[in-house]
Amino acid sequence: MKTKLKNMIKTAAKAAYKAGAINSDDFTPVEIEEPKAGAHGDLASNFAMLNAAAQKMAPRKIAEAVVNHLADSDGIIDKTEIAGPGFINFFLNTSAWHPVLHEVHAQDTQYGACNIGDGQKIQVEFVSANPTGPLHVGHGRGAVVGDTVATILSFCGYKVFREYYINDSGRQIQTLGRSVYLRCLELAGRDITFPEDCYQGDYIYDIARILMDQSKEWMLGAGQDEAIAYCAKYASEKILNGIKDDLALLGVDFDNWFSEQSLYDSGRVDAAIKQFQADGLIYEKESALWFKTHAFGDEKDRVVVRQNGLTTYFASDIAYHRDKFDRGFDQIIDVWGADHHGYIPRISAAIKAAGKNDDRFHVILTQLVNLLRAGTPVAMSTRAGQFVTLREVIDEVGRDAVRFIFLTRHYESQLDFDLEVAKQKTNDNPVYYVQYVHARISSIFKKAKQEKNIKTISGDAESVSRLSEPEEIALIKHMARYPEVIQSAAQWMEPHRIAFYLMDLAATFHAYYNKHRVLVNDLKLADGRLYLVLAVQKIIRNGLNLLGVSAPDAM
RNA sequence: GCGCCUGUAGCUCAGUUGGAUAGAGCAACGGACUUCUAAUCCGUAGGUCAGGGGUUCGAAUCCCUUCAGGCGUACCA
């Protein structure tokens with residue numbers, strides 16, 4: 001509808017120029033928007049104001065000229081008004097909106113899809129939590145946001161690849177092994193002191209118990225280094241499997257689980273360092289190796305190999321991001337917790353240093369999640385090992401609600417996640433509000449079939465033309481907006497736009513449902529209304545699918 | 001100190017990338033179920049868009065500044 005009007009304005013402006021009614025044929029692109037106030041029409045354009053300077057004319061004069069040259073070949077415009085400083089307001093026929101319904105039905109599951117990705121290969125890396133402990137709600141947010149962004153991008157023409165980067169090498173894995181080993185000794189009755197920098201959580205005991213059951217003799221007999229290495233390997237695999245289970249429970253799946261250790265094993269970290277050294281981008285100072293990130297916009301240079309000869313996390317990250325580009329991705333997206341934001345400049349720097357444009361690298365930072373229960377904060381101390389795991393939250397609240405809550409805020413704002421609120425099946429918890437629309441419509445169709453013996457819907461010209469109630473037109477107008485919501489969600493990588501759209505559409509539907517009956521005795525009207533609500537249901541289903549939330553037929 | 005994020009109704013949050021009279025849910029108050037699911041709807045009330053300057057036809061939105069909260073500022077990850 002908007003594009004239709006845009007074209008009409010463009011041609012009208014050209015015609016006005018030819019007729020000498022305006023001074024220039026150099027126009028800014030036409031913008032159309034939906035006025036908030038109904039009195040300002042169905043759609044409006046600020047075309048005249050934007051072009052006032054170039055035309056050297058008063059906006060209202062320009063608007064007048066454009067309106068006088070409008071050619072409404074399809075007869076969709078009821079009337080136009082020039083208002084305020086120079087808005088052109090369009091009031092459309094109700095029949096102008098009816099074709100939207102046919103589009104929804106014809107495109108069905110593909111309604112709203114677009115091709116802004118144009119087949120570009122895009123990698124979304126997300127969660128990537130260290131396999132040293134269970135996931136918590138913060139990881140859950142990153143998981144849901146990353147997964148949903150990926151789904152939306154793929155719906156909009158990108159070839160999407162989901163990846164989880166496993167930090168399965170280095171000091172923290174070593175620490176994990178040490179933690180488990182010490183707990184093993186403790187279980188065997190040895191006198192130990194458990195260091196503060198070790199992992200304190202109870203899950204360490206759980207793993208230690210399993211190891212002691214399986215191979216107590218070996219564990220106590222083996223050399224310490226050997227035993228710790230074994231514990232590290234066993235524990236990290238065990239924890240990673242738990243992470244995989246938790247994510248599966250959330251409906252999150254990956255195309256690839258990428259091992260950090262594999263970068264070392266295949267020599268890609270060394271190769272990257274050597275390459276950058278050869279390029280003069282890595283230098284030695286105070287017996288450490290430094291990367292010249294400062295020259296590429298970072299605050300200062302960063303160490304890649306420490307004095308003690310060990311590589312830093314940054315070193316493998318350089319190799320990792322280089323590898324991503326080597327694998328042919330046009331764009332790479334990292335989803336990180338906001339506490340890592342300081343890391344962006346150095347990764348960008350490394351990418352620029354490698355000769356890639358850092359436009360192709362984008363970081364989504366999800367802000368932290370405060371877990372509450374009935375308004376009071378739940379203690380979340382990772383150090384003390386006391387925290388509520390993601391698994392517990394999913395078990396208590398349910399996957400749909402968890403996902404929807406994460407998706408009903410912009411990921412850049414902090415989020416209060418209240419377990420009690422999340423469990424409520426009221427409008428405090430809008431996932432049910434949206435799902436209820438789907439269930440209600442299913443119920444209408446069940447009734448139509450069983451009690452009215454209506455088996456098919458024609459949606460023909462006559463029945464659709466009967467849709468003229470304001471609430472019906474409001475619904476159709478709303479549905480017409482869906483494709484642009486999807487596109488903007490993809491473009492800005494902001495899934496919450498879809499969640500809010502769905503809540504809005506749901507509200508419009510519930511209002512309609514309460515005011516009008518679908519299964520009326522007038523069969524033509526009933527047919528038109530069934531055609532209408534089925535379209536609503538399709539959009540609700542499509543939208544919820546994109547968000548990874550189920551669309552139930554009954555609640 | 002410096003950098004990033006945030007600040008909108010009592011609470012939780014939107015706000016179409018600069019548009020007209022700033023919106024929704026919850027909470028409060030008053031209404032609507034013999035009719036397709038009341039997990040719903042209708043109405044009332046609620047605002048110095050943190051404060052102050054600026055940019056222009058027009059600012060919650062852009063720029064500067066002050067304040068408040070969070071996070072980050074390692075040869076940790």
Side-chain angles (χ1 to χ4, degrees), chain A residues 31-37 39-40 44-46 48-50 52-53 58-59 83-87 89 130 132 167 170-173 175 197 285-290 299-300 302-314 317 337-345 365 367-368 370 375 405 408-410 412-416 418 421 424-437 439-448 451-452 481 484-485 488 491-492 496-497 499-501 503-504 506-507 509-520 526 529-530 533 554-555:
Chain A
E31 289 175 28
I32 297 279
E33 55 199 21
E34 288 167 56
K36 284 173 223 159
H40 295 138
S45 178
N46 57 359
M49 280 114 79
L50 292 179
F87 287 102
N89 295 336
N130 294 345
T132 54
N167 295 117
R171 205 176 69 96
Q172 79 280 3
I173 293 294
T175 305
D197 68 331
K285 190 179 92 182
E286 292 160 6
S287 44
L289 291 183
W290 297 72
E299 281 178 4
K300 56 178 208 170
R302 306 287 175 178
V303 170
V304 285
V305 180
R306 293 185 266 163
Q307 263 179 0
N308 60 12
L310 296 176
T311 51
T312 60
Y313 183 86
F314 182 45
D317 248 357
D339 52 341
H340 288 80
H341 77 255
Y343 217 73
I344 298 175
L365 291 177
Q367 284 291 332
L368 72 101
N370 294 309
I405 288 167
T408 41
R409 1 218 88 118
H410 191 111
E412 269 182 7
S413 43
Q414 290 186 18
L415 161 59
D416 289 330
D418 193 309
V421 174
Q424 278 172 29
K425 300 192 169 174
T426 66
N427 216 348
D428 249 336
N429 201 9
V431 65
Y432 300 112
Y433 185 80
V434 175
Q435 288 180 320
Y436 192 42
V437 171
R440 269 185 152 174
I441 294 172
S442 285
S443 175
I444 293 173
F445 279 96
K446 200 171 150 196
K447 198 100 178 171
E451 293 180 18
K452 302 270 179 180
R481 268 185 52 214
E484 65 190 77
V485 170
S488 71
Q491 206 166 334
W492 300 96
H496 76 280
R497 292 167 183 255
F500 279 92
Y501 170 86
M503 290 192 282
D504 243 23
F509 173 80
H510 284 310
Y512 175 62
Y513 181 92
N514 270 276
K515 188 158 177 189
H516 302 284
R517 229 183 127 68
V518 173
L519 298 175
V520 288
R529 288 185 171 172
L530 284 169
V533 298
M555 290 172 73

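Order of the sequence lines fixes the chain letters, A, B, ..., with proteins taken first and strands second; residue numbering starts at 1 for each chain. Remember, predicted model here, so these are calculated numbers, not experimental data.
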How is Thr132(A) classified with respect to the nucleic acid when contacts are heavy atoms under 4.0 Å: base, sugar-phosphate, or nothing? nothing
His40(A): which residues meet the ring-ring contact (aromatic ring centres under 6.0 Å, His included) condition with it, sequence neighbours left out? none
Distance between the P atoms of A24(B) and C5(B), in whole angstroms? 30 Å
With the side chain of Arg409(A) defined as its heavy atoms from C-beta on, choose the nearest nucleotide among A14(B), C5(B), U17(B). A14(B)
Need the pair for U16(B). Rule: Watson-Crick or G-U wobble, both distances under 3.5 Å, any strand; none if unpaired. none
Considering every strand shown, what is the Watson-Crick or G-U wobble mate of A28(B) when both distances are under 3.5 Å? U44(B)
Write down the partner of G1(B) under the Watson-Crick or G-U wobble criteria, each distance required to be under 3.5 Å. U73(B)
With rounding to the closest Å, how many angstrom separate the P atoms on C49(B) and U21(B)? 14 Å
Phe314(A) side chain near Val303(A) side chain, heavy-atom distance below 4.5 Å: no
Base-contact (B) and sugar-phosphate-only (S) positions in nucleotides 20-37 of chain B, heavy-atom cut-off under 4.0 Å, - elsewhere: B----SS--------BBB
Atom C1', compared across C33(B) and C26(B): separation rounded to whole Å: 23 Å
Determine which nucleotide pairs with U34(B), using a 3.5 Å limit on both distances of a Watson-Crick or G-U wobble pair. none
pair_partner(A59(B)), Watson-Crick or wobble, both distances < 3.5 Å, evaluates to none
Each nucleotide in nucleotides 71-77 of chain B should get exactly one letter: B, S or -. Can you fill that in based on protein heavy atoms under 4.0 Å? BSSSBSB
Is U17(B) syn or is it anti, if syn means the base angle is within 90 degrees of 0? syn
Using a cut-off of 4.0 Å on non-hydrogen atoms, how would the nucleic acid contact of Leu415(A) be classed: base, sugar-phosphate, or nothing? sugar-phosphate
If I pick the P atom on U73(B) and the same atom on U66(B), what distance separates them, to the nearest angstrom? 24 Å
Give me the distance, rounded to whole Å, that separates G18(B) from C63(B) when you measure between the P atoms they each carry. 10 Å
Between G69(B) and G15(B), how far is it from one C1' atom to the other, in whole Å? 22 Å
